[in-house]
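As the structure is a prediction and not an experimental result, all values here were calculated from the model.
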Amino acid sequence: MSVVEQYARAHIVTDAEIPDDGTVPVVLRYDPEADPRSVRFGLPGPHEWTCSRALLEQGLRAPAGSGEVRVWPCGRVQAVVEFHSAKGVSVVQFESKALLRFLRRTYMVTAEPVRR
């Protein structure tokens, strides 16, 4: 099976000062050999978060998650992913279509349908 990696731009939601317009590059990664049920979000720096594909998929339709990663739709075209750690919370806003495209690619390598 193949590793799926997709680059996306996301908007960091914060009151801290961020250069430019607050958008950052994010690497979305799925490795079915390492963990077929999980996806990874690589934020700038040493930050990488893991959540289940099911959580990401559910969060595109309705609020989902209760632990370190929470996902919910934001309007018709965006989704928010919230990452919790001992150091605080990072709130990242994506275009929903980028996350959906990534999910579709992950299901293509495992031959499972995307529910939307």
Among residues at least two apart in sequence or on other chains, which ones pass salt bridge (charged side-chain N to carboxylate O under 4.0 Å, His left out) with E48? R40

Min side-chain heavy-atom separation P25-P44 under 4.5 Å: yes

Going by the rule side chain to side chain contact (heavy atoms under 4.5 Å, CB included), which residues pair with Q93 if we only count those two or more places apart in sequence or in a different chain? H11, V13, C74, Q78, V80

With Q58, which residues qualify under side chain to side chain contact (heavy atoms under 4.5 Å, CB included), at least two apart? A54, R61, A64

Non-hydrogen atoms of [X] and [Y] that approach each other most closely:
| X | Y | value |
| --- | --- | --- |
| Y30 | D35 | CE1-O, 4.0 Å |
| P73 | P63 | CD-N, 3.9 Å |
| S2 | V109 | O-CG2, 4.0 Å |
| E57 | L103 | CA-CD1, 3.7 Å |

I'd like to check the ring pair (Phe, Tyr, Trp, His ring centres under 6.0 Å) partners of F83; sequence neighbours left out, ordered by chain and number. F41, W49

Hydrophobic cluster membership, with links at side-chain heavy-atom distances under 4.5 Å among I/L/V/M/F/W/Y: are V89 and W72 in one? yes

Taking the six-membered ring of Y107, is the NZ or CZ of R53 close enough (under 6.0 Å from the centre) and on axis enough (within 45°)? yes

For R9, check side-chain hydrogen bond (donor to acceptor under 3.5 Å, both in side chains) against everything at least two apart and list the hits. T23

For R70, the side-chain hydrogen bond (donor to acceptor under 3.5 Å, both in side chains) test, sequence neighbours excluded, returns none

Taking it one step at a time, do R104 and L100 satisfy side-chain contact (heavy atoms from CB on, under 4.5 Å)? CA-CA 6 Å; R104 282 190 178 129; L100 186 57; 3.7 Å; yes

Passing option when V69 is tested against V39, L55, T50, L56 for side-chain contact (heavy atoms from CB on, under 4.5 Å): L55

With side-chain contact (heavy atoms from CB on, under 4.5 Å) as the criterion, how do Y7 and L28 come out once you've worked through the C-alpha distance, each side chain's angles and the decisive distance to 0.1 Å? CA-CA 6 Å; Y7 294 87; L28 306 170; over 6 Å; no

